[in-house]
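Handing you this structure, nothing more for now.
To find a chain, count down the sequence lines: A is the first, B the second, and so on, and within it residues start at 1.
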Amino acid sequence: MTGTALFSADIEHRGMVLDPRTKLAVILTLVIFVLGGTGGDIRAVRIAASVLSLLPAVLMLIAGQWKKAVVYGAVFGGMLTLQKLALPELKDAALSIAGMCVMVFVRLMPGLAMGAYTLSNTTVSEFIAAMHRMHVPQQITIPLSVMFRFFPTVLEEFSAINTAMKMRDIRIGGRHAGKLLEYRLIPLMVCSVNIGSELSAAALTRGLGVGVRRTNICQIGFHLQDFAVLLLTASVYVLWILGIAGVIA
Amino acid sequence: MKGKDLINIGIFSAIYFVIVFLIAMLGFIPIFLPLLAVLVPILGGIPFMLFLTRVKKFGMIWIMSIIMGLLMMLTGMSWQPLVVSVITGLLAELVYKSGNYQSAGKAVLTSGVFSLWIGGNYLPLFFAAEKYWSTRQNFGQDYIETVTKLMPAWMCPALFAAAFVCGIIGGLLGKALLKKHFEKAGIA
């Protein structure tokens, strides 16, 4: 696995720790207000959502991922400026292309960045403990945690298979272009199934198959930093409600 | 359902979602937006059929469907896909259950019913078009007009039908590939 492996946080070097539930609340809020554009007609909500979009950069900075934080902050800030200054000037095809870039970076990226931060900063145990506290049944939490843990593996295997197939000229425009999909999907599935059986064996040794209530040594809970982040998150909702009620324009 | 089954759900959901996500990126080109209902079920059918060979207990297909709905909600497709995926997932589960979790014909049909969840992603386009576009103004008027032209109201049931039919095609394709590759490798 690479250094940025998901769901395998380096517990000793990750700085300030937030409760997984706090991170989840931030992701949901970003999806509703930034990606979903709820309350976009209220100016205060738009500003608060933009501020919230910068939160992932701050959190990454605290967690010592300063390179990612700077890149994210710069791209987000740049795109936001582009949206404010350049978009009204463009039209037709240029508008479509620029609009899509802005859409991807200003709308989609904050949620993805927060998701990436959450996954790189939460251990599987903490995630399961938090889900357990929220009374989510283990029929949902186990597949979900396996899935998030598995995404990078799938992508890594896929790029390796892709390289191997390109070498055999099985690519777009190559001699065997017809086998393009079959010769990628099938090996991907075979190796995924094998990795899956290994994961299952590992999970069985952790007592996943016993069917009794599992214990968890993770200390999760809300601290001062959680309240600060939750306050910021809640403020977006409050502004939105105030805006709907007509208190602020 | 035991730990092993739950892990299998997670693994196949991951493969399936990666395929969905890669194809969905094509949706930025207007003509591909309705075509997603064709491409996703056909390509997704391949891992889904392999997943079905692992399904022996009630609830596995349903959970996978619910997870797809949750992921769609988290990636900004609003709540409609989740509602649809909860219902179609249960239907798919019942179809496969009626074949005692081993009938090959029922498996292909299950793949078709399961694929209906993809239709749910289009619902906001038809029933909340104004809100849908108000959050996508950045795409430019050209994109909006092209998609609106591509998506008259009758397209809504047509997309569900396309997802179903292509799910069956994907199921058949998956079955053929299972036979060709996986049975002799001993993992189907």
**Study point:** B:Lys179 atom NZ, over 12 foreign heavy atoms within 6.0 Å
**Key:** no

Point to revise | Part of A:Ile32 lying under 4.5 Å from any heavy atom of chain B | key: neither

Review point. Among all residues two or more places apart in sequence or in another chain, which pass the side-chain contact (heavy atoms from CB on, under 4.5 Å) test with A:Arg46?
Key: A:Arg43

Point to revise | Close contacts, residues 167-175 of chain B versus chain A, judged by heavy atoms under 4.5 Å | key: none

Exercise for review: Would you give the length of the straight line joining atom CZ of B:Phe17 to atom CZ of A:Phe148, rounded to the nearest 0.5 angstrom?
Suggested key: 8.5 Å

**Study point:** Under 4.5 Å from a heavy atom of chain B, the part of A:Leu185 involved
**Key:** side chain

Check your understanding: In terms of heavy-atom proximity below 4.5 Å to chain A, should B:Ile46 be classed as side chain, backbone, both, or neither?
Key -> both

**Study point:** Leading residue by heavy atom contact count with chain A [cutoff under 4.5 Å; candidates B:Leu6, B:Leu70, B:Leu22]
**Key:** B:Leu6

Check your understanding: Can you say whether A:Leu112 sits under 4.5 Å from chain B via the side chain, the backbone, both, or neither, judging by heavy atoms?
Key -> neither

Review point. If you tally heavy-atom pairs under 4.5 Å against chain B, which of A:Thr141, A:Ile142, A:Leu28 wins?
Key: A:Ile142

**Study point:** Test side chain to side chain contact (heavy atoms under 4.5 Å, CB included) applied to B:Val18 and A:Phe158, step by step
**Key:** CA-CA 10 Å; B:Val18 166; A:Phe158 189 73; over 6 Å; no

Study note, to complete from the structure: Rounding to 0.5 Å, atoms CE (A:Met189) and CG (B:Leu50) come to a distance of 4.5 Å

Review point. Counting a contact as any heavy-atom pair under 4.5 Å apart, which residues of residues 8-15 of chain B contact chain A?
Key: B:Ile9, B:Gly10, B:Ile11, B:Phe12, B:Ser13, B:Ala14, B:Ile15

Check your understanding: So, for B:Ile7 and A:Val146, which heavy atoms are closest and what is the spacing to 0.1 Å?
Key -> O-CG1, 3.7 Å

Review point. Taking C-beta and beyond as the side chain, do B:His181 and A:Val190 meet within less than 4.5 Å on heavy atoms?
Key: no

Exercise for review: Measure distances from A:Leu30 to the heavy atoms of chain B and classify the residue's part below 4.5 Å as side chain, backbone, both or neither.
Suggested key: neither

Exercise for review: Check each atom of B:Ile67 against the heavy atoms of chain A and say whether the ones under 4.5 Å are side chain, backbone, both or neither.
Suggested key: side chain

Review point. With sequence neighbours left out, what residues match A:Lys166 under side chain to side chain donor-acceptor pair (under 3.5 Å)?
Key: none

Review point. How many angstroms lie between CD in A:Gln139 and CD1 in B:Ile66, if you round to the nearest 0.5 Å?
Key: 10.5 Å

